[in-house]
Amino acid sequence: MSSFPPLPADPKPSALLAHSAIQAATTVTNTSYTHISDIDGSRGIYHTDCSCLVSYLLYSSGLTKWLDGIPKDAEDPAVNPPMPRAKEYARFAISLATLPDHQAQDRWTSVARLWDIEEGDIIAWEIPNYPAQNKSTGHVLVVTNPSLVTWRSNQRMIHPLEDGEPRIERSVLVPVNATAAWVSVVDASSTRHQWDSRCSGFPHHPCMRGVGQGFVLLSENADGRIQAFLFREDATPRYYPIGIARLKGVVR
């Protein structure tokens, strides 16, 4: 039996992206986090970083028209061929919220509120002054429903037992309070997430780096705008520019 949902008969582009993300996270056999990508999805091999993973998922899902609409990094010679990095995904997602109606995108729209996040949305943030800090320009993730793999290994951390059996809720959001929730995501990362599929042996064994599924915490400010994130409950909150983009339109 497959550990990821069957492909919808008439899928929306966001459903296609989410399906591909779950398939990658639940069939991965060999993975690492690197800025020089080597991906063979048919064999479960994912040596990549966050932005190249999302670009690969869009491309392999037949969503090249959606990928083509995102600006590419043409300044870094190491990115060859030119592809969006995390900062391009973040700037693009943030820009969607400020476009006037006559400039609205045909294939993308903005998600403003935390509680409106859905499966297949893309979350991205940019690290301010990233050249002075590290090679990463930010981070980009795909929102997915929690996979069977993630829930089987981690569901007791979230839900109490009922009559001796775990209570499974297949929601992309696990609310914390009125302004914060854990969001189920698939990404390529070198940082441990909350309830992370890459950490099945943690704390006795180190977490894997690379492609997997876990949760990140997003929080809103008093105006209802998403203002900060946490990779896990013992991490430091980061107040970076955060954007959320949703694919729209029809796959032909």
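Residue numbers start at 1 and run along the sequence shown.
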> Are the side chains of Val216 and Leu141 in touch, meaning some heavy atoms are under 4.5 Å apart?
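Yes, their side chains come closer than 4.5 Å.
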> List the atom of Leu217, the atom of Ala180, and the distance in Å for their closest heavy-atom pair.
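Smallest interatomic distance, heavy atoms only, reads CD1-CB, 4.2 Å.
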> Taking the side chain as every heavy atom from C-beta outward, state whether Cys199 and Pro206 have any atom pair closer than 4.5 Å.
no
> Backbone N or O of Gly210 within a donor-acceptor pair of the Thr31 side chain at under 3.5 Å?
no
> Compute the centroid of each ring, for Phe231 and then for His193, and state whether the two points are separated by less than 6.0 Å.
yes
> Please report the interatomic distance CZ(Arg107) to CG(Leu67), rounded to the nearest 0.5 Å.
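Result: 11.5 Å between the selected atoms.
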> Checking Ala228 now: which residues fulfil side-chain contact (heavy atoms from CB on, under 4.5 Å) with it, not counting sequence neighbours?
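Ser219, Tyr239.
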> Would you please name every residue forming a salt bridge (charged side-chain N to carboxylate O under 4.0 Å, His left out) with Asp234, sequence neighbours left out?
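Residues passing salt bridge (charged side-chain N to carboxylate O under 4.0 Å, His left out) with Asp234: Arg192, Arg232.
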> Does the side chain of Ser51 come within less than 4.5 Å of Val140's, by heavy atoms?
yes
> Between Glu126 and Arg91, does at least one N-O distance fall below 4.0 Å, as a salt bridge requires?
yes
> Taking all heavy atoms of Phe92 and all of Pro71, pick out the closest pair and write down the distance.
CD1-CD, 3.8 Å
> As an exercise, state the distance from CG of Leu247 to CH2 of Trp108, rounded to the nearest 0.5 Å.
4.0 Å
> Please work out which of the three classes, parallel, tilted or perpendicular, describes the rings of His139 and Trp125, given edges at 30° and 60°.
tilted
> Could you work out, with side-chain contact (heavy atoms from CB on, under 4.5 Å) as the rule, every residue matching Asp116, not counting sequence neighbours?
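Residues passing side-chain contact (heavy atoms from CB on, under 4.5 Å) with Asp116: Val111, Arg113.
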> Report whether Val183 and Ile244 are members of the same hydrophobic cluster (ILVMFWY, side-chain heavy atoms less than 4.5 Å apart, transitive linking).
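Looking at the clustering, Ile244 is in the same group as Val183.
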> Are Val172 and Val185 linked, directly or through intermediate hydrophobic residues, by side-chain heavy-atom contacts shorter than 4.5 Å (ILVMFWY only)?
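Result: yes, single cluster for both.
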> Taking the side chain as C-beta and beyond, is there a heavy-atom pair between Thr179 and Gln227 under 4.5 Å?
no
> Please give me the minimum heavy-atom distance between Ser37 and Cys52, naming the atom from each residue.
OG-CB, 3.3 Å
> Does the side-chain contact (heavy atoms from CB on, under 4.5 Å) test come out yes or no for Ile45 and Ile39, once each step is laid out?
CA-CA 6 Å; Ile45 298 173; Ile39 299 176; over 6 Å; no
> Is Val142 close to Leu17 at the side-chain level, that is, under 4.5 Å between some pair of heavy atoms?
yes
> Check whether any side-chain N or O of Asp196 sits under 3.5 Å from a backbone N or O of Arg198 as a donor-acceptor pair, and report yes or no.
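Flag set: sc Asp196 to bb Arg198 pair under 3.5 Å.
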> Considering only heavy atoms from C-beta outward, does the side chain of Ser20 approach that of Ser61 to under 4.5 Å?
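Side chain of Ser20 against side chain of Ser61, heavy atoms only: contact under 4.5 Å found.
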> Please name the pair of heavy atoms, one in Leu230 and one in Trp182, separated by the smallest distance, quoted to 0.1 Å.
O-CZ3, 4.1 Å
> Search all heavy atoms of Ala188 against all heavy atoms of Cys50 and return the closest pair with its distance.
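Result for this residue pair: O-CB, 3.4 Å.
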> What's the verdict on side-chain contact (heavy atoms from CB on, under 4.5 Å) for Thr109 and Leu96, showing C-alpha distance, side-chain angles and the deciding distance?
CA-CA 6 Å; Thr109 189; Leu96 293 174; 5.9 Å; no
> How far does NE2 of His35 sit from OG1 of Thr48, to the nearest 0.5 angstrom?
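Between His35 NE2 and Thr48 OG1, I get 10.0 Å after rounding to 0.5 Å.
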> Look up atom OH in Tyr33 and atom CG in Asp49, then write down how far apart they are to the nearest 0.5 Å.
5.0 Å
> State yes or no: do Ile122 and Leu57 share one hydrophobic cluster built from I, L, V, M, F, W and Y residues joined by side-chain heavy-atom distances below 4.5 Å, directly or via other members?
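Shared cluster, yes.
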> For the backbone of Ile70 and the side chain of Glu88, can you confirm whether one donor and one acceptor N or O come within less than 3.5 Å of each other?
no
> Could you tell me which residues satisfy side chain to side chain donor-acceptor pair (under 3.5 Å) with Asn221, sequence neighbours excluded, listed by chain and number?
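Once residues adjacent in sequence are excluded, Asn221 has no partner under the side chain to side chain donor-acceptor pair (under 3.5 Å) criterion.
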> Under a single-linkage definition using a 4.5 Å side-chain heavy-atom cutoff for Ile, Leu, Val, Met, Phe, Trp and Tyr, are Tyr240 and Ile117 assigned to the same hydrophobic cluster?
yes
> Would you find a donor on one side and an acceptor on the other, under 3.5 Å apart, between the side chain of Trp66 and the backbone of Tyr59?
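Checked: no pair found.
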> Do Thr34 and His47 have side-chain N/O donor and acceptor atoms under 3.5 Å apart?
no
> Quick check: is Leu16 connected to Val186 through a chain of hydrophobic side chains (ILVMFWY, heavy atoms under 4.5 Å apart)?
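Not linked; separate clusters.
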> Side chains of Tyr46 and Thr29: does their closest heavy-atom pair fall under 4.5 Å?
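They are not in side-chain contact.
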> Less than 4.5 Å apart, any side-chain heavy atom of Phe215 and any of Val174?
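Side-chain contact under 4.5 Å: yes.
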> For the pair Val211 and Asp187, evaluate side-chain contact (heavy atoms from CB on, under 4.5 Å) and give the outcome as yes or no after the intermediate values.
CA-CA 6 Å; Val211 173; Asp187 64 351; over 6 Å; no
> Would the number of heavy atoms belonging to other residues, nucleotides or ligands and lying under 6.0 Å from CZ of Arg209 be above 12?
no
> Please assess Tyr89 against Ser55 for the test side chain to side chain donor-acceptor pair (under 3.5 Å), listing each intermediate value before the final yes or no.
CA-CA 10 Å; Tyr89 276 105; Ser55 296; 2.8 Å; yes
> Regarding Thr144 and Gln213, is there a side-chain donor-to-acceptor distance under 3.5 Å anywhere?
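Their side chains do contain a donor-acceptor pair, which is all the 3.5 Å distance test asks for.
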> For the pair Ile123 and Val143, evaluate side-chain contact (heavy atoms from CB on, under 4.5 Å) and give the outcome as yes or no after the intermediate values.
CA-CA 7 Å; Ile123 303 171; Val143 178; 3.6 Å; yes
> Sequence neighbours excluded, which residues qualify as salt bridge (charged side-chain N to carboxylate O under 4.0 Å, His left out) partners of Glu118?
Arg246
> My understanding is that only residues two or more places apart in sequence, or in another chain, count here; which of them pass salt bridge (charged side-chain N to carboxylate O under 4.0 Å, His left out) with Asp40?
Arg43
> Minimum heavy-atom separation for Ala86 to Gly138, with atom names?
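Taking Ala86 first and Gly138 second, the nearest heavy atoms are CB-C, 3.4 Å.
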